[in-house]
Amino acid sequence: MTTSRHKIIVAIDGYSSSGKSTMAKKLASDLGYRYIDSGAMYRAVTLYAMEHGMISDSGVVNEKALSEALKNIRIDFAVTPQGQHTLLNGKDVEHLIRSLQVSNHVSPVAAIHSVRKALTAQQQRFGAEKGIVMDGRDIGTTVFPQAEMKVFVTASPEKRAHRRYIELQQNGTPSSYEDVLANVIERDHIDETRTESPLRKADDAVVLDNSDMSLPQQEKWLMDLFNRIEKDINECNG
Ligand code: DC
């Protein structure tokens with residue numbers, strides 16, 4: 001484990017299925033930092049909306065009902081023998097929030113102002129003491145614009161769809177590769193063009209295109225960057 005004199009905030013943003021969560025989790029564990037998957041929080045709100053009939057068959061979200069229900073939605077993270085799991089009002093929903101049905105509905109839910117406001121506030125509370133690695137779409141731009149380390153992860157849509165396809169098979173919720181690719185492309189479009197906190201690289205984020213990188217290579221890249229930033233901070237602080 002690396003010991004840091006000054007705990008920092010690490011913001012890892014990027015496209016869906018770019019592998020950012022895997023990298024972020026490993027970095028947090030190596031550093032002894034807390035890891036927060038902000039996408040899981042948007043997924044949990046989406047699951048709640050689906051379970052409470054707030055999303056029509058054609059995918060239209062009842063924004064008013066969901067905005068009013070936000071006060072009844074509690075999202076926590078629990079450490080289990082299988083890793084960190086997302087809890088929705090105390091129930092472990094880790095498996096359910098990764099299904100293609102939730103993936104298909106999450107982008108419109110994540111575009112709703114009241115949803116973003118509530119989740120951003122909770123994410124900022126998680127990071128109040130620093131020592132946190134958070135991944136998402138707007139962590140370096142909106143949630144923690146002051147983060148000391150910002151990374152923007154990207155990879156080709158085909159590579160990302162392939163990764164998600166394998167993940168869904170492993171989770172026991174298989175889907176065709178074509179459907180997964182279509183979902184990845186559609187989510188990129190919605191994430192990049194929404195008015196509320198669109199997906200974009202923060203000016204001071206470092207880009208990582210991991211299309212052709214192995215997991216160990218990505219992990220080393222991330223740890224090297226962390227070590228450089230930490231060294232700079234320590235030098236500045238004397
Ligand atoms: O990273 P993911 O695929 O689990 O994210 C699920 C969705 O949540 C994705 O479509 C974009 C949205 N999201 C967001 O808008 N802002 C974040 N900080 C994280 C995720």
Side-chain angles (χ1 to χ4, degrees), residues 9-25 35-50 55 59 61 66 73 75 77 83-86 88 93-127 132-145 147 150-155 157 159-168 171 173 175 180-202 205 210:
I9 293 179
V10 180
I12 304 188
D13 289 307
Y15 288 91
S16 67
S17 304
S18 59
K20 56 188 184 315
S21 300
T22 311
M23 297 166 61
K25 254 180 238 166
Y35 165 67
I36 298 290
D37 173 357
S38 68
M41 298 170 73
Y42 288 96
R43 287 173 178 271
V45 171
T46 304
L47 181 66
Y48 181 96
M50 287 164 64
I55 304 185
V61 185
L66 182 55
I73 302 179
I75 300 167
F77 293 97
Q84 183 166 294
H85 279 199
T86 311
L88 172 58
V93 292
E94 188 58 33
H95 189 65
L96 289 173
I97 61 168
R98 307 291 165 192
S99 69
L100 194 59
Q101 286 90 325
V102 170
S103 297
N104 280 335
H105 291 306
V106 66
S107 286
V109 170
I112 298 172
H113 174 76
S114 57
V115 171
R116 297 210 74 85
K117 201 169 151 214
L119 294 190
T120 298
Q122 187 174 356
Q123 289 153 10
Q124 288 169 338
R125 284 195 295 276
F126 282 137
I132 192 166
V133 180
M134 190 175 294
D135 70 20
R137 302 293 187 288
D138 63 338
I139 310 306
T141 51
T142 304
V143 181
F144 298 121
K150 297 182 187 179
V151 178
F152 190 82
V153 191
T154 183
K159 289 261 165 148
R160 290 185 285 123
H162 184 70
R163 289 173 189 159
R164 181 71 99 188
Y165 171 73
I166 303 281
E167 198 178 279
L168 285 168
N171 283 352
T173 49
S175 186
V180 178
L181 179 61
N183 176 260
V184 163
I185 292 171
E186 195 196 343
R187 280 203 292 151
D188 284 357
H189 179 71
I190 301 180
D191 290 347
E192 286 173 321
T193 55
R194 69 175 176 228
T195 39
E196 286 282 332
S197 285
L199 169 65
R200 70 168 182 84
K201 183 185 102 55
N210 65 11

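When reading the values below, keep in mind they use all heavy atoms of this one structure, side chains included, and skip hydrogens, waters and symmetry mates. Just so you know, residue 1 is the first one in the sequence shown, and it goes up from there. Remember, it's 1-based here, ligands and their atoms both numbered in the order they're listed.
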## Note on the structure
The side chain to side chain contact (heavy atoms under 4.5 Å, CB included) partners of Ala111 (sequence neighbours excluded) come to Arg194
### Query
Side chains of Val115 and Glu196: does their closest heavy-atom pair fall under 4.5 Å?
no
#### Entry: Ligand-side contact atoms (ligand 1) for residue partner Asp191, heavy atom cut-off under 4.0 Å
9 (C), 10 (O), 11 (C)
#### Entry: Closest approach of any protein heavy atom to atom 3 (O) of ligand 1, naming residue and atom
Arg187 NH1, 3.0 Å
## Note on the structure
To atom 2 (P) of ligand 1, the nearest of Arg98, Lys20, Arg137, Glu186 on a heavy-atom basis is Arg137
### Message
Please check whether Asp138 reaches ligand 1 - meaning an N/O of the residue sits under 3.5 Å from an N/O of the ligand, judged on distance alone.
### Response
yes
### Query
Taking distance alone, with no angle check, do Asp135 and ligand 1 share an N/O pair under 3.5 Å?
no
## Note on the structure
re atom 20 (C) of ligand 1, the protein heavy-atom contact at minimum distance is Gly39 CA, 3.5 Å
### Task
Heavy-atom contacts with Arg164 under 4.0 Å: which atoms of ligand 1 show up? List them by number with element.
3 (O)
### Task
Just let me know how Glu196 lines up against ligand 1, side chain, backbone, both or neither, with a heavy-atom cut-off below 4.0 Å.
neither
### Task
Determine whether any heavy atom of Met41 lies closer than 4.0 Å to an atom of ligand 1.
no
#### Entry: Straight-line distance of Asp37 CG to Thr86 OG1, nearest 0.5 Å
6.0 Å
### Query
Looking only at N/O atoms, are Asp37 and ligand 1 under 3.5 Å apart anywhere?
no
### Query
Can you list the ligand 1 atoms lying under 4.0 Å from a non-hydrogen atom of Ala110?
12 (C), 15 (O)
### Atom CD of Gln124: over 12 foreign heavy atoms under 6.0 Å
yes
### Task
Mind checking the NZ-NE2 spacing from Lys159 to His162? Nearest 0.5 Å is all I need.
9.0 Å
### Message
If the cut-off is 4.0 Å to any non-hydrogen atom of Ser107, which atoms of ligand 1 fall inside it?
### Response
10 (O)
### Message
In the structure I gave you, are the side-chain heavy atoms of Asp135 and Tyr35 within less than 4.5 Å of one another anywhere?
### Response
yes
### Glu94 side chain reached by Ile97 side chain, heavy atoms, under 4.5 Å
yes
### Message
Looking only at protein heavy atoms, which one is nearest to atom 19 (C) of ligand 1, and what is the separation?
### Response
Ser38 OG, 3.3 Å
#### Entry: Residue and atom name of the nearest protein heavy atom (relative to atom 4 (O) of ligand 1), distance in Å to one decimal
Arg43 NE, 2.7 Å
### Task
Answer with yes or no whether Arg116 contacts ligand 1, where contact means a heavy atom under 4.0 Å from a ligand atom.
yes
### Message
Tyr42 versus ligand 1: do any nitrogen or oxygen atoms come within less than 3.5 Å of each other?
### Response
no
### Message
For a 4.5 angstrom cut-off between non-hydrogen side-chain atoms, does His95 reach Thr173?
### Response
yes
### Message
What I want to know is whether Ser17 and ligand 1 share at least one N or O pair that is separated by under 3.5 angstrom.
### Response
no
### Task
Pick out which of Val106, Leu47, Val102 makes a side chain to side chain contact (heavy atoms under 4.5 Å, CB included) with Tyr42.
Val106
### Query
Any luck finding a side-chain donor-acceptor pair between Arg43 and Ser103 under 3.5 Å?
yes
## Note on the structure
Near Val106 (heavy-atom distance under 4.0 Å), the atoms of ligand 1 are 7 (C), 8 (O), 10 (O)
#### Entry: Pair Asp191 + Arg137, salt bridge at N-O below 4.0 Å
yes
